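Below is one structure, written out as structure tokens; comments come after it.
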Amino acid sequence: MADVKLDHIKKIYQSGVVAVEDTTIEIKDGEFIVLVGPSGCGKSTTLRMIAGLEDITEGHLYIDGKDVTHVPPKDRDIAMVFQNYALYGNMTVYENMAFSLTLRKEDPKETHRKVMAAAKILGLVDQLNKKPRELSGGQRQRVAMGRAIVRNPKVFLFDEPLSNLDAKLRSSMRREIKLLHHELKATMIYVTHDQTEATTLADRIVVMSMGEVQQIGTPYEIYHDPANAFVGYFVGNPSFNFFNGKIEGNRFIADKGFEVELSDEKKAECASYEGKRIILGIRPENFEDKGSLSFSVDLVEHLGQYSLVHGKLGEASAILKLRGWQRHEKGETIAVGMRMDKICFFDIETGMRVRK
């Protein structure tokens, strides 16, 4: 397989729209990288530049140490799996998987060996004589992956491959793709707007917004140590609770009617913001069902092992994720606290994380 390097890549369309800002990403050989972000953030454009389907306006792209910035897609030794499967309806599963090798005029015996090996990995041996219309959505996507596998490319590219599937099938296919990565030990670059896919599949995640990379890190780092408020908001469901306020001594005074006493460590973290406005962020699961804060309940969503409790701290809307089957009623007031080690502060102007 191969490593991939995006070296100050930029994409500007003829209309002047900047789709991808100055972007540098280094992807290791055999790594599973996921580009995630909202629609229009530039993630699919970035993938298409790697594939050679979009021209690179500025910067350089390297695959396996070779500059392929201006190399045609067919010569980049990559394989792409699309959202819409892109299968030939008049061909069988076997013929679809063998098609690229047939075009290359590869030895029929070698083609057969590769197709059968891929079919075995993907559980498609019993489906090889069927046409795509006879398959389920998940089976069609496995055929599309099989077509990529037989080529034995240096890099696999996935462009939102599961977005056409229902929730249960998406979960099943996520496991299959992860197992496929373990089996092939291949370099894989995967685009999605679904942060659950990102955190479950990736070795590292690239979070994008407005054409810019916001943070690159492991799923743990992205979830627990966001670089800015956007990453905290976008990754996680429910996302961070954010409260505007100011720091006074060892207290955070929220704009909407509540106060939090800070630990010495948290006070030191935001010491330079004494008397200034700041954003406090905390994930819903990092509230405790005991403490000095009064939380007014509006609604409870039961999720089995956890409950999402919607309501207000003072006048500020918040969501708590508490253990167990919470039986609170609308209008009830409960005492809650915040885990100090899990609080994050963000600059109110830039949205960037505040650190010591």
Side-chain angles (χ1 to χ4, degrees), residues 2-13 16-63 67-69 76 78 80 155-161 163 187-237 239-240 242 279 281 344 346-347 349-355:
D3 56 1
V4 178
K5 181 179 180 181
L6 286 70
D7 186 15
H8 298 285
I9 294 292
K10 192 170 186 177
K11 177 63 180 180
I12 307 173
Y13 288 106
V17 173
V18 180
V20 177
E21 294 282 2
D22 186 342
T23 296
T24 296
I25 306 171
E26 295 191 23
I27 302 166
K28 301 169 189 172
D29 183 15
E31 192 172 21
F32 198 130
I33 285 281
V34 178
L35 309 182
V36 67
S39 296
C41 71
K43 58 188 184 296
S44 288
T45 302
T46 301
L47 193 77
R48 289 173 64 84
M49 286 193 286
I50 296 171
L53 302 177
E54 294 276 3
D55 293 333
I56 295 170
T57 308
E58 295 179 15
H60 294 271
L61 173 69
Y62 300 90
I63 297 178
D67 189 340
V68 298
T69 308
R76 295 191 181 193
I78 55 94
M80 194 160 181
V155 182
F156 288 84
L157 307 179
F158 295 86
D159 190 8
E160 305 216 36
S163 58
T187 305
M188 295 186 174
I189 306 172
Y190 188 105
V191 159
T192 182
H193 64 275
D194 185 333
Q195 44 89 20
T196 300
E197 282 182 29
T199 55
T200 54
L201 286 173
D203 294 325
R204 286 190 300 152
I205 296 172
V206 179
V207 183
M208 298 185 69
S209 176
M210 304 292 287
E212 295 185 358
V213 172
Q214 303 296 310
Q215 186 174 357
I216 302 175
T218 65
Y220 185 91
E221 290 166 343
I222 296 291
Y223 190 84
H224 293 283
D225 192 18
N228 56 43
F230 173 82
V231 175
Y233 163 77
F234 188 79
V235 178
N237 185 23
S239 64
F240 263 71
F242 293 108
I279 300 171
C344 299
F346 301 93
D347 186 278
E349 298 294 333
T350 66
M352 296 303 295
R353 179 78 174 273
V354 174
R355 303 182 188 275

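Quick note: numbers below take in every heavy atom, side chains included, and nothing from hydrogens, waters or symmetry partners. This structure is a prediction, so every number in the text was calculated from the model and none was measured. If you read the sequence from its start, that first residue is 1, and numbering goes on from there.
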Closest approach of [X] to [Y] (non-hydrogen atoms, all atoms of both residues):
{"X": "A2", "Y": "D29", "answer": "N-OD1, 3.1 Å"}
{"X": "E21", "Y": "M210", "answer": "CG-O, 4.4 Å"}
{"X": "S44", "Y": "D159", "answer": "OG-OD1, 3.2 Å"}
{"X": "L201", "Y": "F32", "answer": "O-CG, 3.8 Å"}
{"X": "N228", "Y": "F346", "answer": "C-CE2, 3.4 Å"}
{"X": "E197", "Y": "T192", "answer": "OE1-OG1, 3.2 Å"}

Would you say the side chain of [Y] lies within less than 4.5 Å of the side chain of [X], judging by non-hydrogen atoms?
{"X": "M80", "Y": "L47", "answer": "yes"}
{"X": "P226", "Y": "F234", "answer": "no"}
{"X": "V231", "Y": "I222", "answer": "yes"}
{"X": "E54", "Y": "Y13", "answer": "yes"}
{"X": "I25", "Y": "I216", "answer": "yes"}
{"X": "N237", "Y": "T196", "answer": "no"}
{"X": "D7", "Y": "T24", "answer": "yes"}

TODO: Using a cut-off of 6.0 Å, state whether more than 12 heavy atoms not belonging to D55 lie near its atom CG.
DONE: no
TODO: May I ask you to check whether over 12 heavy atoms, not counting those of Y233, lie within 6.0 Å of atom OH?
DONE: no
Does [Y] offer a backbone N or O that forms a donor-acceptor pair with the side chain of [X] under 3.5 Å?
{"X": "Q215", "Y": "V207", "answer": "no"}
{"X": "T69", "Y": "L61", "answer": "yes"}
{"X": "K43", "Y": "G37", "answer": "yes"}

Rounded to the nearest 0.5 Å, what's the gap from [atom1] on [X] to [atom2] on [Y]? Could you check?
{"X": "T23", "Y": "K10", "atom1": "OG1", "atom2": "NZ", "value": "9.5 Å"}
{"X": "I50", "Y": "L35", "atom1": "CD1", "atom2": "CG", "value": "6.5 Å"}
{"X": "H224", "Y": "T218", "atom1": "NE2", "atom2": "OG1", "value": "9.0 Å"}
{"X": "I189", "Y": "E31", "atom1": "CD1", "atom2": "CD", "value": "9.5 Å"}
{"X": "I27", "Y": "R204", "atom1": "CD1", "atom2": "CZ", "value": "7.5 Å"}
{"X": "Y223", "Y": "F240", "atom1": "OH", "atom2": "CZ", "value": "8.0 Å"}

- [ ] With V20 as reference, evaluate M49, E58, E212 under the side-chain contact (heavy atoms from CB on, under 4.5 Å) test and give the passing residue.
- [x] M49
- [ ] Please test R353 against D225 for side-chain contact (heavy atoms from CB on, under 4.5 Å), starting from the C-alpha separation and ending with a verdict.
- [x] CA-CA 9 Å; R353 179 78 174 273; D225 192 18; 2.7 Å; yes
Open item on the list: Any donor-acceptor pair under 3.5 Å linking the side-chain atoms of H60 with those of D67?
Closed with: yes
Task: Residues E160, H193; criterion side chain to side chain donor-acceptor pair (under 3.5 Å); working and verdict - done: CA-CA 8 Å; E160 305 216 36; H193 64 275; 2.7 Å; yes
